[in-house]
Amino acid sequence: MRRFGKAMAALAVAACTLFGGVATANADDFVSGGVTYKDNPITLSNVRVSDVGAHTANVSFDYSIDPAQVSQIKDVCFSIEVQRITDITPIQSAAMNHIGQGSVYSFNCDADSNVSDDDLTASSYDAIYGVHNDVEHKGAFHDGDATHPDWWEDPNELAFKASGQHFVKYYKGWDGKASSSFDFPLIGLTSNTAYTNNAKECEYSVKGGAGAVGGECEFGDSLIIDQEATQQMENVLWRKGVRVKTPVDVRQVILYAQPIYKDPNTKVQTWSRDNYLKQVPDFTTKAEPVAKPAESLPSKTDTKLDVANGHAEPGQTARVYVDNLKDEAKAKADANSLFWYAYIYSEPQALTGPGGSPFVQVQKEASTGKYYFDAVIPAGLPAGEHKISVQDENGTVQAWTPVTVGDAPAPAPVDKSKLTAAVDAAGKLAEKDYTADSWTPFAKALADAKAVAAKQDASQADVDAAVKALADAQAGLKKAETVPSKPVEPSKPDNGGNNKPSNNKPSDNKPAADDKKSESKNDEQSDLAKTGASVIGVAGILALLVVLAAGLLVVGKARR
């Protein structure tokens with residue numbers, strides 16, 4: 001999530017303070033007050049700027065994390081500080097947090113004062129990103145006196161006032177990789193403005209060395225890369241005796257990486273800032289695009305716009321869907337870095353984003369995967385037919401669409417007849433006839449369809465979607481395999497025609513009617529076979545008797 005802070009968190013205490021009562025954990029860590037401070041394990045490199053618009057730019061960079069610490073890190077906070085101070089009014093010497101003695105750049109990514117980009121409003125956008133006059137900076141530095149023989153600081157005393165722009169944007173959402181590239185969309189910039197790094201390191205050159213009290217402080221040659229630049233400039237003016245509002249030009253754009261450890265008692269601290277804190281290369285924002293007049297809008301564009309329901313209300317946020325994005329624009333939208341300028345006609349008026357930004361951001365809708373942007377319709381816009389157009393940072397019209405503002409037509413009646421018929425038909429199906437895997441999604445689709453059918457304010461789109469979902473689930477049903485409820489009794493073994501009952505126990509299953517008929521027919525065939533055998537036997541005996549009788553007659557005649 002991207003968040004924005006109006007000011008940086010306080011710098012860490014000086015090295016000389018930390019060294020008192022320190023117990024060393026190892027060569028790189030030290031412990032103080034029960035907290036282990038580790039050397040920052042993150043290295044930033046190859047910082048570059050692209051897609052510079054009137055109010056936005058994309059900062060890309062590479063990062064790497066010491067492998068020995070990766071497993072200890074819960075998240076990484078990447079932040080960019082933008083500072084552009086135009087005048088300073090000195091009031092007393094500003095606290096420098098012991099510049100030259102090892103001050104540490106540290107921003108609290110979880111501070112309650114930070115505002116999420118999702119929570120921005122028109123007022124908070126201006127409070128964070130706007131250019132403001134005479135902003136009070138507290139934290140005064142006092143030289144030794146009778147009451148305080150040594151130097152001391154009071155963080156609640158007003159030190160100076162300054163005008164200009166100063167904000168911090170940070171991003172959390174580290175993917176756990178030890179090294180990768182990162183795109184950081186930067187918003188809140190002022191159009192047609194140079195964002196450079198011109199703040200110089202302060203050098204004490206008269207009394208004592210660096211950090212000496214009372215010395216003459218002038219800017220030297222080396223760049224200072226943290227928020228102390230404004231304090232240093234104020235002290236330069238103060239020691240020169242300046243006590244009135246004075247024009248200055250202090251500009252910085254600083255990229256910072258800070259690990260957030262899993263152990264809340266482990267913090268990051270280091271005296272060498274070259275690896276994890278980098279200047280963003282200088283760039284200049286473009287002039288804000290000028291709206292094209294209605295008559296010059298192109299008759300045809302590749303990209304298409306569609307306002308939800310074709311209707312918008314004055315003073316309300318309208319969602320505008322974007323179709324047929326080109327691949328390059330789609331890649332930027334996926335990276336949350338596609339910023340356009342929207343206008344509404346007849347006479348073109350610039351539209352703001354819902355967070356008060358002078359631009360709109362094209363994003364992907366999580367529920368549908370469609371690209372869209374939100375824009376606030378002016379409260380005083382007259383009802384009627386209008387047009388909404390969008391232009392890129394170069395002023396090229398990307399698309400436009402008609403929209404009806406106010407006086408919304410009565411919604412068309414919702415036709416639920418198809419849904420009711422589909423639910424009735426689906427309700428006649430039996431679960432036992434289908435596989436469990438196919439029935440489960442069908443049952444859910446049926447329940448959802450019933451809920452939509454019963455919903456009083458269901459839209460036609462809801463109804464049509466429920467009909468389709470139920471039809472798809474019903475088409476996916478698979479028939480369950482048919483399994484016999486009882487096993488078939490095996491045929492009885494042949495016992496050689498013995499009519500005596502078998503020693504085997506009779507089956508508990510009663511024979512079916514067909515089986516009884518079969519057995520009766522078999523019995524009839526068996527009886528017929530037995531009868532035939534008997535007839536054959538009697539005929540044989542009679543034939544034998546006839547032969548014997550004939551023989552006896554022959555023998556009798558021979559004896560005579």
Side-chain angles (χ1 to χ4, degrees), residues 1-5 8-9 11-12 18 24-32 34-51 57-82 102-111 114 116-117 168-187 197 223 225-226 252-281 330-337 364 366:
M1 178 176 287
R2 301 174 299 283
R3 292 177 181 265
F4 316 97
M8 300 301 293
L11 295 177
L18 290 172
T24 303
N26 55 52
D28 297 322
D29 304 344
F30 66 87
V31 180
S32 177
V35 177
T36 299
Y37 292 91
K38 290 181 173 291
D39 192 49
N40 195 321
I42 303 174
T43 298
L44 300 174
S45 61
N46 193 24
V47 184
R48 52 213 184 267
V49 181
S50 62
D51 300 325
N58 189 64
V59 178
S60 303
F61 56 89
D62 301 332
Y63 72 88
S64 61
I65 304 175
D66 181 359
Q69 291 198 37
V70 169
S71 62
Q72 305 172 42
I73 296 174
K74 178 177 67 175
D75 206 344
V76 174
C77 174
F78 297 109
S79 63
I80 294 181
E81 178 187 10
V82 176
S103 59
V104 177
Y105 189 102
S106 179
F107 174 59
N108 184 2
C109 288
D110 296 316
N114 297 328
S116 166
D117 54 353
V168 176
K169 178 183 178 184
Y170 77 83
Y171 185 99
K172 290 169 63 178
W174 174 54
D175 60 7
K177 295 180 179 179
S179 62
S180 186
S181 296
F182 200 89
D183 289 322
F184 197 123
L186 182 60
I187 67 174
N197 292 277
L223 288 168
I225 53 176
D226 59 33
Q252 296 184 101
V253 185
I254 307 298
L255 173 64
Y256 172 59
Q258 174 180 312
I260 300 172
Y261 290 96
K262 297 176 182 177
D263 181 359
N265 291 320
T266 300
K267 307 291 183 183
V268 65
Q269 190 111 329
T270 183
W271 309 125
S272 174
R273 302 175 297 188
D274 293 339
N275 62 322
Y276 66 92
L277 201 155
K278 299 288 185 181
Q279 294 175 343
V280 174
K330 190 177 294 185
K332 291 180 182 179
D334 291 341
N336 296 311
S337 61
K364 181 183 285 187

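Nothing here was measured: the structure is a model prediction, and the numbers come from that model.
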At what distance, to the nearest 0.5 angstrom, does [atom1] of [X] lie from [atom2] of [Y]?
X: Thr266; Y: Ile73; atom1: OG1; atom2: CD1; value: 10.5 Å
X: Leu186; Y: Tyr171; atom1: CG; atom2: OH; value: 14.5 Å
X: Lys267; Y: Ser32; atom1: NZ; atom2: OG; value: 13.0 Å
X: Phe182; Y: Leu255; atom1: CZ; atom2: CG; value: 9.5 Å
X: Lys177; Y: Ile65; atom1: NZ; atom2: CD1; value: 12.0 Å

For the student: nearest non-hydrogen atoms of [X] and [Y], plus distance:
X: Gly34; Y: Asn265; value: O-CB, 3.9 Å
X: Asn58; Y: Pro185; value: OD1-N, 3.6 Å
X: Val49; Y: Pro281; value: CG2-O, 3.8 Å
X: Asn40; Y: Gln258; value: ND2-CA, 4.3 Å

All side chain to side chain donor-acceptor pair (under 3.5 Å) counterparts of Asp334, not counting sequence neighbours: Tyr371

Salt bridge (Lys or Arg N to Asp or Glu O under 4.0 Å) contacts touching residues 58-72 (sequence neighbours left out): Arg48-Asp62

Summary of salt bridge (Lys or Arg N to Asp or Glu O under 4.0 Å) pairs that have at least one residue in residues 253-264, sequence neighbours excluded: none

Centroid separation Phe78 to Phe184 less than 6.0 Å: no

Answer yes or no: is there a donor N or O on one side and an acceptor on the other, between the side chain of [X] and the main chain of [Y], under 3.5 Å?
X: Asn275; Y: Ile42; answer: yes
X: Asp75; Y: Trp174; answer: yes
X: Asn197; Y: Val280; answer: yes
X: Thr36; Y: Val31; answer: no

Reference residue Tyr63; test side chain to side chain contact (heavy atoms under 4.5 Å, CB included); the match among Leu44, Asn46, Val76: Leu44

Any side-chain heavy-atom pair of Ser45 and Lys278 under 4.5 Å: no

Side chain proximity check, Tyr261 to Lys38, heavy atoms < 4.5 angstrom: yes

